[in-house]
> 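Here you go, one structure.
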Number of protein chains: 2
Amino acid sequence: MAETTRHPEPRYGNRPTMKDVAARAGVGLKTVSRVVNSEPGVTPDTVRRVQEAIDALGFRRNDSARVLRKGRTASIGLVLEDLADPFYGPLSRAVEEVARAHGALLINGSSAEDPEREQELVLALCARRVDGLIVIPAGDDHRYLEQEIRAGIATVFVDRPAGRIDADMVLSDSFGGSRQGVAHLIAHGHHRIGFIGDQPRIHTATERLRGYHTAMTDAGIAVQDSWVSLGSTEPDRVRRAVETMLSGPEPVTALFAGNNRVTVTAVRALAGRERPVALVGFDDIELADLLGITVISQDAAAVGRTAAEHLFRRLDGADHAPVRVELPTKLIPRGSGELRPS
Amino acid sequence: MAETTRHPEPRYGNRPTMKDVAARAGVGLKTVSRVVNSEPGVTPDTVRRVQEAIDALGFRRNDSARVLRKGRTASIGLVLEDLADPFYGPLSRAVEEVARAHGALLINGSSAEDPEREQELVLALCARRVDGLIVIPAGDDHRYLEQEIRAGIATVFVDRPAGRIDADMVLSDSFGGSRQGVAHLIAHGHHRIGFIGDQPRIHTATERLRGYHTAMTDAGIAVQDSWVSLGSTEPDRVRRAVETMLSGPEPVTALFAGNNRVTVTAVRALAGRERPVALVGFDDIELADLLGITVISQDAAAVGRTAAEHLFRRLDGADHAPVRVELPTKLIPRGSGELRPS
DNA sequence: CTGAAAGCGCTAACAG
DNA sequence: CTGTTAGCGCTTTCAG
């Protein structure tokens with residue numbers, strides 16, 4: 001009578017396990033584990049025999065099982081807006097390098113600026129028990145993370161503050177940078193200065209707008225509503241905003257662009273004009289030097305590195321109160337911000 | 001006598017498990033599992049009770065355990081050169097979107113163009129049992145992956161072919177694109193055309209060089225050694241190459257830049273010159289339109305998407321022979337490539 | 001120096 | 001509809 005063989009799905013395509021290696025090498029399971037993990041206390045000869053079995057079988061340790069047992073995944077998660085954005089690529093890379101130095105892998109996810117997607121991603125990462133999390137928030141309420149953080153997932157917020165919870169943050173000085181950029185335009189003789197920024201629910205957008213208002217007020221300039229436009233960074237929207245501000249009886253003579261995407265579109269929109277319009281953009285852009293675009297630059301790599309270093313300090317046991325780090329920005333004059341009003 | 005309580009490391013910061021939820025809800029473990037996974041066959045009332053316990057305890061399923069049991073991680077790995085490079089950001093994002101559509105997470109890793117680091121990363125991903133792998137090779141020998149692929153990790157190579165193993169590949173038409181670009185320069189009257197490319201061990205670099213040679217030969221032009229320079233894409237190196245080619249009694253009148261980084265440096269190096277030098281670059285670049293740079297463009301997002309779709313087709317069971325997909329490139333004339341020799 | 005036993009948290013398989 | 005049992009592949013513990 002044939003025994004009813006239950007034949008469960010072959011796991012991982014029938015990979016050899018430590019048990020298989022042990023059988024082949026004629027040693028105990030734990031000895032294989034020792035060899036695989038380079039633990040001391042194994043005879044060189046035994047090591048060799050085990051190693052041979054490993055090579056012959058093509059064994060590779062299953063980290064899923066290891067993780068289950070050890071409780072650490074040696075991985076961290078990074079949730080950002082869009083990896084295709086030239087600001088986030090370098091940031092992510094910088095995080096990766098720090099993670100690598102700590103023996104951890106990085107799992108990236110793009111929220112596409114959608115709060116629900118942010119949450120979905122973050123919770124998926126929590127379910128995988130990443131050791132830590134770096135989040136560039138899309139939403140403004142992160143209470144859903146409270147339990148996770150309490151349960152031990154270290155979290156650092158980057159670029160924008162966390163919403164309604166107390167946590168570590170690494171930000172750029174959006175307010176100060178914007179204020180400086182606008183003051184720079186004012187110093188070059190401009191009064192009617194337009195501000196085109198990202199959607200008002202994004203913290204950096206409102207901070208940069210605040211910097212604009214402050215600079216204008218400091219100079220005694222009353223801001224007109226038509227000089228300010230917040231909204232999507234879609235080229236069409238930005239282009240229309242530029243055109244609106246440059247038309248009418250009293251057009252602006254200078255523009256402040258609230259982020260890299262706005263700057264790019266603004267440059268394109270201004271390119272065809274006969275009368276030059278001054279421009280300062282927030283965030284540096286590749287080739288901006290050749291185009292002579294004056295910018296407020298923030299160091300994306302430094303932001304990422306700083307955040308990751310904080311995260312690993314937490315993972316290494318630092319348990320001080322949440323910190324808020326603010327990184328400075330830098331004005332880089334290249335011509336477009338030094339044009340005088342025509 | 002107090003019982004010796006073994007107190008192992010609190011795992012995951014003492015998170016509740018399904019067992020805890022079951023106890024609290026007064027149901028069996030499996031019922032909790034059913035609720036968590038939205039499996040059918042549970043009374044609405046029971047679902048509610050379990051759900052309450054889940055919320056009260058802040059339970060979140062531990063995917064590590066799930067993975068161990070199910071044998072699928074619902075994650076794929078992507079090993080590329082450098083996430084900070086504007087070519088790879090969009091590529092990675094495109095892969096992520098496809099992965100997301102299939103319910104999988106993406107783990108990124110940068111090889112920094114170092115074959116050892118590539119291998120280290122790939123094997124780390126294999127140890128985590130990613131379901132599939134997309135690799136932009138840094139090295140030229142991927143036999144180390146044979147066992148892994150046989151063991152069931154679907155793998156697609158991108159941008160450059162796999163070395164010494166037979167596997168799926170998605171490439172851009174480097175040869176054809178380069179040939180077209182150089183022919184374009186020839187058609188505009190150039191004969192002395194320089195080629196500056198990446199290191200010769202990189203497949204795309206030699207393919208693009210081959211396109212250059214073919215275009216030159218087709219036009220009956222004998223290429224001089226001094227017109228060709230392969231090597232690091234470091235700005236200093238590229239700048240020196242540009243300057244060498246433009247000096248001497250018979251300077252080149254046009255340059256073909258082998259990739260985006262070379263193009264950027266070439267543009268900078270040419271910017272100060274009084275005599276214009278024609279330029280065509282491989283890869284499109286942000287703002288190249290405004291600078292009037294003629295390029296051979298490849299669609300990074302399409303490359304990533306195509307590769308990811310192939311990968312998931314494999315994961316869904318497709319087991320045809322390895323395929324080699326070649327995506328076309330496109331010449332985008334913007335001025336720099338249409339300059340005539342001075 | 002080596003190995004047997006227990007168990008990480010979950011899901012598959014089977015009974016009730 | 002619900003619960004019990006076994007076990008995924010590894011590390012931990014403890015006994016040789």
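To find a chain, count down the sequence lines: A is the first, B the second, and so on, and within it residues start at 1. Owing to the predicted nature of the structure, the values given are computational and were not obtained by experimental measurement.
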> Please examine the side chains of B:Leu83 and B:Ser92, heavy atoms only from C-beta on, and report whether any two atoms are closer than 4.5 Å.
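With C-beta onward as the side chain, the pair touches.
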> Do A:Glu52 and A:Arg24 make a side-chain contact, defined as non-hydrogen atoms from C-beta onward lying under 4.5 Å apart?
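Not touching, per the 4.5 Å side-chain cut-off.
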> Send over the distance from B:Arg72 CZ to C:dC10 C1', rounded to a whole Å.
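Rounding to the nearest Å, CZ of B:Arg72 and C1' of C:dC10 are 18 Å apart.
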> Is there side-chain contact between B:Val50 and B:Val21, with heavy atoms separated by less than 4.5 Å?
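Yes, close enough: below the 4.5 Å cut-off.
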> May I have the distance from B:Met18 (atom CE) to C:dC10 (atom C1'), rounded to whole angstrom?
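Between C1' of C:dC10 and CE of B:Met18: 6 Å.
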> Name every residue in residues 20-34 of chain A that has at least one heavy atom under 4.0 Å from any atom of DNA chain C, in order of residue number, or write none if there are no such residues.
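Of all residues in residues 20-34 of chain A, the ones placing a heavy atom under 4.0 Å from DNA chain C are A:Val27, A:Gly28, A:Lys30, A:Thr31, A:Arg34.
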> Find the distance between CZ (B:Arg72) and CZ (B:Arg66) and round it off to the nearest 0.5 Å.
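Rounded to the nearest 0.5 Å, the CZ-CZ separation comes out at 12.5 Å.
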> State, with a plain yes or no, whether a side-chain heavy atom of A:Ile165 is found less than 4.5 Å away from one of A:Phe157.
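Counting from C-beta outward, A:Ile165 and A:Phe157 do come under 4.5 Å.
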> Could you check B:Arg48 against B:Asp45 for salt bridge (charged side-chain N to carboxylate O under 4.0 Å, His left out), going step by step and ending with a plain yes or no?
CA-CA 5 Å; B:Arg48 198 184 37 67; B:Asp45 188 58; 2.6 Å; yes
> Considering non-hydrogen atoms only, spot the tightest contact between A:Gly109 and A:Leu121 and give its length.
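The answer is C-CD1, 3.7 Å.
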> Under the 3.5 angstrom rule, does the side chain of B:Glu118 hit a backbone N or O of B:Ala138 as a donor-acceptor pair?
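The answer is yes, because a donor-acceptor pair under 3.5 Å joins these two groups.
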> Is B:Asp63 touching bases, backbone alone, or none of the nucleic acid, heavy atoms closer than 4.0 Å?
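Answer is nothing: B:Asp63 stays at 4.0 Å or more from every strand.
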> Using the side-chain contact (heavy atoms from CB on, under 4.5 Å) rule, pick out the option among A:Asn108, A:Asp85, A:Asp82 that qualifies with B:Arg93.
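So, applying the side-chain contact (heavy atoms from CB on, under 4.5 Å) to B:Arg93 and each of A:Asn108, A:Asp85, A:Asp82, only A:Asp82 qualifies.
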> Under the criterion salt bridge (charged side-chain N to carboxylate O under 4.0 Å, His left out), I'd like the reasoning laid out for B:Arg305 against B:Glu97: C-alpha separation, chi angles, the key distance, then a yes or no.
CA-CA 8 Å; B:Arg305 201 182 317 117; B:Glu97 288 306 312; over 6 Å; no
> Determine: side-chain N/O of A:Arg66 to OP1/OP2 of D:dT11, distance under 4.0 Å, yes or no.
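Answer yes for this pair, as a side-chain N or O of A:Arg66 is under 4.0 Å from OP1 or OP2.
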> Between D:dC10 atom P and B:Arg69 atom CZ, what is the distance in whole Å?
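Atom-to-atom, B:Arg69 to D:dC10, this comes out as 15 Å.
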> Do B:Ile134 and B:Leu311 come close enough that some side-chain heavy atom pair is under 4.5 Å?
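The answer is yes; the side chains approach within 4.5 Å.
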> Can you pull out the residues from residues 45-56 of chain A that lie within a 4.0 Å heavy-atom distance of DNA chain C?
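DNA chain C contact set from residues 45-56 of chain A: A:Thr46.
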> Atom CZ of B:Arg15 and atom C1' of C:dC8: how far apart are they, to the nearest Å?
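These atoms are roughly 15 Å apart.
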> Taking C-beta and beyond as the side chain, do B:Arg201 and B:Glu113 meet within less than 4.5 Å on heavy atoms?
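A side-chain contact under 4.5 Å exists here.
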> Output the rounded distance in Å from CD (A:Glu39) to P (C:dC1).
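One finds 13 Å between P of C:dC1 and CD of A:Glu39, rounded.
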> Can you tell me the distance, in whole Å, between the CG atom of A:Leu68 and the P atom of C:dA6?
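Result: 18 Å.
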> Mind calculating the distance between NZ (A:Lys19) and P (D:dC10) to the nearest angstrom?
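In whole Å, D:dC10 P lies 11 Å from A:Lys19 NZ.
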> Give the angle between the helix axes at the two ends of the helix from C:dC1-D:dG16 to C:dG16-D:dC1, taking five base pairs at each end and rounding to 10°.
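Between the first-five-pair axis and the last-five-pair axis there is 40°.
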> To the nearest angstrom, how far is A:Leu57 atom CG from D:dG9 atom P?
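Spelled out: CG on A:Leu57 to P on D:dG9 is 13 Å.
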> Can you tell me if A:Thr43 touches the phosphate of C:dT2, counting only side-chain N or O atoms and a distance under 4.0 Å to OP1 or OP2?
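Checking A:Thr43 against C:dT2: at least one side-chain N or O falls below 4.0 Å of OP1 or OP2.
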> Phosphate oxygens OP1/OP2 of D:dT11: is one of them under 4.0 Å from a side-chain N or O of A:Asn37?
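It does, given that an N or O in the side chain of A:Asn37 lies less than 4.0 Å from OP1 or OP2 of D:dT11.
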> Within the pair B:Lys70 and D:dC8, is there a side-chain N or O less than 4.0 Å away from OP1 or OP2?
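False: B:Lys70 side-chain N/O out of range (4.0 Å or more) of D:dC8 OP1/OP2.
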